[in-house]
Amino acid sequence: MSETVSSSGTPGEVHPEPHGGELSQRLNALRAGVLGANDGIVSTAGIVVGVAGATVERAPIVTAGIAGLVAGAVSMALGEYVSVSSQRDSERAQLAKEKRELRETPDEELEELTELYEEKGLSRATARQVAVELTEHDALSAHVDAELHLDPDELTSPWRAAGASAVAFTLGALLPLIAVVVTPVTWRVPVTVAVVLLALGLAGWAGARLGGATPRRAVLRVMIGGALGLAATYGIGYLVGGAVG
């Protein structure tokens, strides 16, 4: 008699792995987190380096950095919440439409499900049998999985995406802010730039890994873009600070 064995090797224990909607939720939250961290690093670094180009006084730099951190975190969270809420509303509308069609035209929906499985390579008879059995078990889940690729119990969470973006933005923004605060005036800008570029490289690598892209290209792209952005903000701060001062 066989026993169920967990990944740790203990008989009788089952540790479920995330599948379908749950895995998609986690990946969406991770991607939002990576993007939030990247934005936090770039935008806050641009602010503190720009102000550092205008003045060597620590107070204005820190004030501007903290203001940028708070405003950016709120903006990121709000943007993610609105965006993902719209997506969730769309998903709910599709589910409601599918429920209505199943209620009003069940025969047509059964035929549609059969054709979907035929398109996947099943014979007509097998596809029909699969469609009938899945419909008898849970018609709605069968249709939304085959047609919409959704899990009714695991719709996208706007709160999770918003929270991940806000936290990630804050953590990313803290890096240039701390670097510019703790570094002596002479080395303030070079050290901050180095920290920012390193952090951007790590964020680019993580984003590429999550998206299945080539890490090297993503790392170079974000580091070069970040370097150009910091050079621009420092130059603007230096020029404006000199003109105003």
Side-chain angles (χ1 to χ4, degrees), residues 25 28-89 156-183 185 187-207 210 218 221-245:
Q25 289 263 19
N28 284 335
L30 284 171
R31 289 191 183 98
V34 170
L35 290 174
N38 187 78
D39 285 347
I41 295 167
V42 173
S43 61
T44 306
I47 291 172
V48 297
V49 168
V51 177
T55 178
V56 297
E57 295 295 327
R58 182 170 295 173
I61 298 174
V62 175
T63 301
I66 293 175
L69 185 156
V70 174
V74 172
S75 177
M76 284 292 296
L78 182 59
E80 279 293 325
Y81 180 82
V82 171
S83 175
V84 177
S85 292
S86 298
Q87 178 183 340
R88 189 180 179 92
D89 291 342
T156 308
S157 170
W159 289 108
R160 183 181 295 184
S165 291
V167 171
F169 185 97
T170 300
L171 293 176
L174 285 174
L175 292 175
L177 189 57
I178 292 173
V180 81
V181 167
V182 303
T183 307
V185 174
W187 293 96
R188 181 176 288 164
V189 173
V191 168
T192 301
V193 170
V195 169
V196 166
L197 293 181
L198 178 60
L200 285 176
L202 291 174
W205 178 86
L210 286 172
R221 185 164 53 236
V222 296
M223 290 184 71
I224 292 173
L228 292 174
L230 292 177
T233 55
Y234 180 80
I236 291 171
Y238 181 80
L239 294 173
V240 173
V244 173

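Bear in mind that the values here come from a model prediction, so they are computed numbers and not experimental data. For this chain, numbers begin at 1 and follow the sequence in order.
Using a distance-only test at 3.5 Å, with no hydrogens or angles considered, no donor-acceptor pair links the side chain of R188 to the main chain of A179. Here the side chain of S75 pairs no donor or acceptor atom with the backbone of A71 at under 3.5 angstrom. A side-chain donor-acceptor contact under 3.5 Å links T63 to the backbone of A59. The backbone N or O of L230 lies less than 3.5 Å from a partner atom in the side chain of T233, making a donor-acceptor pair.
When all heavy atoms of V189 and A52 are compared, the closest pair comes out as CG2-CB, 4.0 Å. P176 approaches V196 most closely through the heavy-atom pair CB-CG2, 3.7 Å. Scanning both residues, A161 and E80, for their nearest heavy atoms gives CB-OE1, 3.7 Å. Between G36 and M76, the shortest heavy-atom contact is CA-CE, 3.6 Å. Nearest approach of V48 to G65, heavy atoms of both residues: CG1-CA, 3.7 Å. The minimum heavy-atom distance linking A166 with A77 is given by the pair CB-CB, 3.8 Å.
Rounded to the nearest 0.5 Å, atoms CG (L177) and CD1 (I41) are 13.0 Å apart. Once rounded to the nearest 0.5 Å, the distance linking CD1 of I66 with CD1 of I47 reads 11.5 Å. Considering OG1 of T183 and CD1 of I178, their distance stands at 10.5 Å, rounded to 0.5 Å. Within the model, atoms CG of L200 and CZ of R221 stand 12.5 Å from one another, a figure rounded to the nearest 0.5 Å. Considering OG of S43 and CZ of F169, their distance stands at 3.5 Å, rounded to 0.5 Å. Going from atom CE of M223 over to atom CG of L228 covers 12.0 Å, rounded to the nearest 0.5 Å.
Residues T192 and V49 are in side-chain contact: their nearest non-hydrogen atoms beyond the backbone lie under 4.5 Å apart.
Of the residues V193, L198, V191, the one that meets the side-chain contact (heavy atoms from CB on, under 4.5 Å) test with V195 is V191. Of the candidates S83, S85, S86, P158 forms a side-chain contact (heavy atoms from CB on, under 4.5 Å) with just one, namely S85. Among V62, T55, V56, the single residue meeting the side-chain contact (heavy atoms from CB on, under 4.5 Å) criterion with R58 is V62.
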